[in-house]
Protein chains: 2
Amino acid sequence: MADAIYEPEPAAIELGSVLDALSDPMRLRMVAELHARGEVICRTLGPAEMPKSTRSHHLKVLREAGLTRTRVEGTERHVRLRYTCLENRFPGLLESVLKAAAS
Amino acid sequence: MADAIYEPEPAAIELGSVLDALSDPMRLRMVAELHARGEVICRTLGPAEMPKSTRSHHLKVLREAGLTRTRVEGTERHVRLRYTCLENRFPGLLESVLKAAAS
DNA sequence: TCGTATGTTCGATCCTAATCGAACCTTACC
DNA sequence: GGTAAGGTTCGATTAGGATCGAACATACGA
């Protein structure tokens, strides 16, 4: 379906890319949803009426920023937050953002 | 020199605005510099060769997002981080960002 | 009062990113 | 193989923001 799925190694995750990814309201919402729901099938993430090309775009930004990991399962993509990885790289960052987004 | 300086009250600070303000590389750098230097004169913040209209723009975004406070001193503006205020509103957020930016 | 220094605002330009339909690719299933 | 479903990529459009010069406003000092 696609070429190699690029995901940065923990050490390669950049603060600027993470902040940039989180600065979009829709992506922030998707990240919060991933945190609440755990691993999720791509198609079920975000507003149901969102066009799949738009969803694919946002997930690509999140993945390339190092925020999510994607697992191929048949024709589906299973997506989850790289929570522990992010916490190791930037301690407290994702935790505080998620707590702030929940309130 | 200017009209009323708008700065949001602590409770009115929004996560989206903060993330958006921090997602710009130049503003992130300015925030890190403010953290390192404490209160500074507007004109001395950021690259010396930055046009003052650009500097003024970035400081406006930071101020309206709730990240900085501006104090008028004669013809100058003294700027500082609203660190404690931000920590109260979004615990751990600014701290983790600054720590990440420093590394 | 006249100039000078500090910032702000305005307006124009330019660039990036968000959005989304259409075409395409891969897998599953018959 | 044929078809359908899940996602990706491409291309075009559009909106928003970064940048910066120029004009303006304010405060201070000669």
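Just so we're on the same page: letters track the sequence lines, and every chain starts at 1.
Less than 4.0 Å separates DNA chain D from no heavy atom of any residue of residues 13-22 of chain B. Against DNA chain D, the stretch residues 34-55 of chain B makes heavy-atom approaches under 4.0 Å through B/P51, B/S53, B/T54. For the contact set between residues 66-73 of chain A and DNA chain C, defined by any heavy atom under 4.0 Å, there are no members.
The side-chain contact (heavy atoms from CB on, under 4.5 Å) search around B/P51 returns B/S53, B/T54, not counting sequence neighbours. With sequence neighbours excluded, the residues forming a side-chain contact (heavy atoms from CB on, under 4.5 Å) with A/E14 are A/S17, listed by chain and number. Residues passing the side chain to side chain donor-acceptor pair (under 3.5 Å) test with B/R69 are B/E7, sequence neighbours excluded. Considering only residues two or more places apart in sequence or on other chains, A/E64 meets the side chain to side chain donor-acceptor pair (under 3.5 Å) condition with none of them. Every side chain to side chain donor-acceptor pair (under 3.5 Å) that B/R27 has, sequence neighbours left out, goes to B/H58. Applying the side-chain contact (heavy atoms from CB on, under 4.5 Å) criterion to B/P25, with sequence neighbours excluded, gives no partner residue. In this view, B/Y83 and B/H35 satisfy the ring-ring contact (aromatic ring centres under 6.0 Å, His included) rule, not counting sequence neighbours.
Between B/E76 atom CD and D/dG29 atom P the separation is 11 Å, expressed in whole Å. Taking atom CZ of residue B/R77 and atom C1' of nucleotide D/dA27, one finds them 10 Å apart after rounding to whole Å. Between A/H57 atom NE2 and D/dT14 atom C1' there is a gap of 14 Å when expressed in whole angstrom units.
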In a table with atom names and distances, give each donor-acceptor pair under 3.5 Å that connects a side chain of residues 36-49 of chain A to protein atoms at least two apart or in another chain.
unit_1: A/R37; atom_1: NH1; unit_2: A/E33; atom_2: OE2; d: 2.7
unit_1: A/R37; atom_1: NH1; unit_2: A/T44; atom_2: O; d: 3.0
unit_1: A/R37; atom_1: NH2; unit_2: A/T44; atom_2: OG1; d: 3.2
unit_1: A/E39; atom_1: OE2; unit_2: A/R71; atom_2: NH2; d: 2.4
unit_1: A/E39; atom_1: OE2; unit_2: A/H78; atom_2: ND1; d: 3.4
unit_1: A/R43; atom_1: NH2; unit_2: A/E76; atom_2: OE2; d: 3.0
unit_1: A/T44; atom_1: OG1; unit_2: A/I41; atom_2: O; d: 2.7

For a quick test of your reading: what N or O donor-acceptor pairs under 3.5 Å do the side chains of residues 96-103 of chain B make, sequence neighbours left out?
unit_1: B/S96; atom_1: OG; unit_2: B/G92; atom_2: O; d: 2.8
unit_1: B/S96; atom_1: OG; unit_2: B/L93; atom_2: O; d: 2.8
unit_1: B/S103; atom_1: OG; unit_2: B/A100; atom_2: O; d: 3.0

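Contact check for B/V79 versus B/L62: no side-chain heavy atoms found under the 4.5 Å cut-off.
Within the 4.0 angstrom heavy-atom criterion, only backbone atoms of the sugar-phosphate kind lie near A/H58; the bases stay farther away.
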